[in-house]
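The structure under discussion appears below in the form of structure tokens.
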Amino acid sequence: MSNLSVATFKTWKRVEVSTDDTVIQAAIDSAEEAINQHCNRTFAPAGSATARVFASGSARSSVIEIHDCTTVTSVSDAGNTLAASAYQLEPLNGRTSAGEATPYTRIRLLAGAYWSNFYGEATVSVTATWGWSTLPARYTEATKILTADLLDNRDIRNGVIGFTDYAGIRVRENPVVSSLLAKLVRAGTFGIA
């Protein structure tokens, strides 16, 4: 399911002609998929709590990377349920260093403890509300811009949008989309969804 509706996109784009809604929906879906892949995360509103399994990145590690979540209700390592006082969720307070709200992406064990690491096996089970409490405005705007670009590029062949007296003019990456997404890009995680 898309985070951006066809109606919202049409209002934003000020669509004058009747473009087929299925074509617009396909462009929205493609834009969201491309943004998720570029940022190495899935932008989705938080749902109900479910369990997911993760593997620690290395032996003797006290930090484990998890998928974006708003709350964590249970953490177990190698079948042993951990007390909430045994770990902390990061980033602390669900805020970036700039003070912006962000989901939790890491769990750190406290008091010098380390995650069990049985040769890269997924031994950590986390029950959490996965996703974002509110999707970032820059994500939504980047989705709109990229969707518009995809729709505008339907008639471009081989990346050439026009010709001058000297050469063809090629399509280039949209710098506005790149700028909007720069702070949302996440390093890779170790996990099994």
Side-chain angles (χ1 to χ4, degrees), residues 1-5 28-144 146 177-193:
M1 184 174 101
S2 295
N3 295 315
L4 177 65
S5 71
I28 291 170
D29 294 344
S30 296
E32 288 182 337
E33 187 177 311
I35 289 170
N36 288 344
Q37 183 178 9
H38 173 77
C39 293
N40 200 22
R41 63 185 350 146
T42 300
F43 293 93
S48 58
T50 58
R52 294 185 183 178
V53 181
F54 298 90
S56 63
S58 62
R60 300 195 51 84
S61 174
S62 62
V63 178
I64 192 165
E65 297 285 332
I66 60 171
H67 301 140
D68 297 338
C69 68
T70 57
T71 60
V72 171
T73 55
S74 173
V75 177
S76 65
D77 185 19
N80 301 315
T81 301
L82 304 176
S85 60
Y87 61 87
Q88 72 184 16
L89 303 175
E90 297 178 353
L92 295 174
N93 304 312
R95 300 275 174 196
T96 65
S97 57
E100 298 171 323
T102 188
Y104 297 113
T105 58
R106 294 179 302 279
I107 301 176
R108 180 181 305 275
L109 290 178
L110 303 175
Y114 297 106
W115 296 105
S116 299
N117 186 342
F118 300 110
Y119 306 104
E121 290 180 35
T123 59
V124 180
S125 176
V126 179
T127 301
T129 305
W130 306 105
W132 293 63
S133 58
T134 305
L135 296 178
R138 60 182 172 249
Y139 159 79
T140 304
E141 291 306 304
T143 302
K144 292 173 187 174
L146 188 54
V177 172
S178 296
S179 175
L180 286 169
L181 297 176
K183 287 188 174 183
L184 297 174
V185 175
R186 179 179 173 180
T189 61
F190 300 94
I192 300 169

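Fair warning: this is a prediction, and the values are worked out from it, not measured in the lab. Values below: every heavy atom of this structure, side chains too, minus hydrogens, waters and symmetry copies.
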Item to complete: Scan for salt bridge (Lys or Arg N to Asp or Glu O under 4.0 Å) pairs involving residues 127-137, sequence neighbours excluded, and state none if there are none.
Response: none

Practice prompt. Using side chain to side chain contact (heavy atoms under 4.5 Å, CB included) as the criterion, list what pairs up with N36, not counting sequence neighbours.
Written response: T42, F43, Y139

Item to complete: Scan for salt bridge (Lys or Arg N to Asp or Glu O under 4.0 Å) pairs involving residues 122-141, sequence neighbours excluded, and state none if there are none.
Response: E100-R138, E141-K144

Worksheet entry | For T50, side chain to side chain donor-acceptor pair (under 3.5 Å) partners two or more places apart | W130

Worksheet item: Does CD in Q88 sit with more than 12 non-hydrogen atoms of other residues, nucleotides or ligands closer than 6.0 Å?
Response: yes

Worksheet item: Taking atom CD1 of I28 and atom OG of S5, what is their separation to the nearest 0.5 Å?
Response: 7.0 Å

Worksheet item: Shortest non-hydrogen contact from V63 to S61?
Response: O-OG, 2.8 Å

Item to complete: To the nearest 0.5 Å, tell me how far I107 CD1 sits from E65 CD.
Response: 10.0 Å

Worksheet entry | Which atom of P136 lies closest to which atom of L184, heavy atoms considered | CG-CD2, 4.0 Å

Discussion item. Contact between I66 and R52 at the side-chain level, heavy atoms closer than 4.5 Å - yes or no?
Written reply: no

Worksheet item: Taking all atoms of both residues into account, what is the closest heavy-atom pair of T81 and S74, and its distance?
Response: CG2-OG, 4.3 Å

Worksheet item: How would you list, by chain and number, every residue that makes a side chain to side chain contact (heavy atoms under 4.5 Å, CB included) with T102, sequence neighbours excluded?
Response: P91, T96, W132

Practice prompt. To the nearest 0.5 Å, tell me how far E33 CD sits from S2 OG.
Written response: 10.5 Å

Worksheet item: Is there side-chain contact between T143 and N3, with heavy atoms separated by less than 4.5 Å?
Response: no

Discussion item. W115: which residues meet the side chain to side chain donor-acceptor pair (under 3.5 Å) condition with it, sequence neighbours left out?
Written reply: none

Practice prompt. Grab the two heavy atoms, one from A34 and one from L146, that are nearest each other, plus how far apart they are.
Written response: CB-CD2, 4.2 Å

Worksheet item: What residues form a salt bridge (Lys or Arg N to Asp or Glu O under 4.0 Å) with R106, not counting sequence neighbours?
Response: E90

Worksheet item: Distance from I64 atom CD1 to T123 atom OG1, nearest 0.5 Å?
Response: 6.5 Å

Fill in: Pair listing, ring-ring contact (aromatic ring centres under 6.0 Å, His included) test, anchored in residues 86-107, at least two apart
none

Worksheet entry | By side chain to side chain contact (heavy atoms under 4.5 Å, CB included) - contacts of A51 (at least two apart) | S125, T127

Response to the item:
What one should report as the nearest heavy-atom pair of V53 and A122 is CG1-CB, 3.2 Å

Practice prompt. Write out all pairs satisfying salt bridge (Lys or Arg N to Asp or Glu O under 4.0 Å) with one or both partners inside residues 67-86, taking only residues at least two apart or from two chains.
Written response: R41-D68, D68-R186

Discussion item. Can you list everything that forms a side chain to side chain donor-acceptor pair (under 3.5 Å) with S62? Sequence neighbours excluded, please.
Written reply: none

Worksheet item: Taking side chain as C-beta onward, heavy atoms only, is L82 less than 4.5 Å from L109?
Response: yes

Fill in: Results of side chain to side chain contact (heavy atoms under 4.5 Å, CB included) for T70 - residues two or more places apart only
A46, T129, S133

Worksheet item: Distance from D29 atom CG to L4 atom CG, nearest 0.5 Å?
Response: 9.5 Å

Worksheet item: Between S56 and S116, what is the shortest heavy-atom contact and its length?
Response: OG-O, 3.8 Å

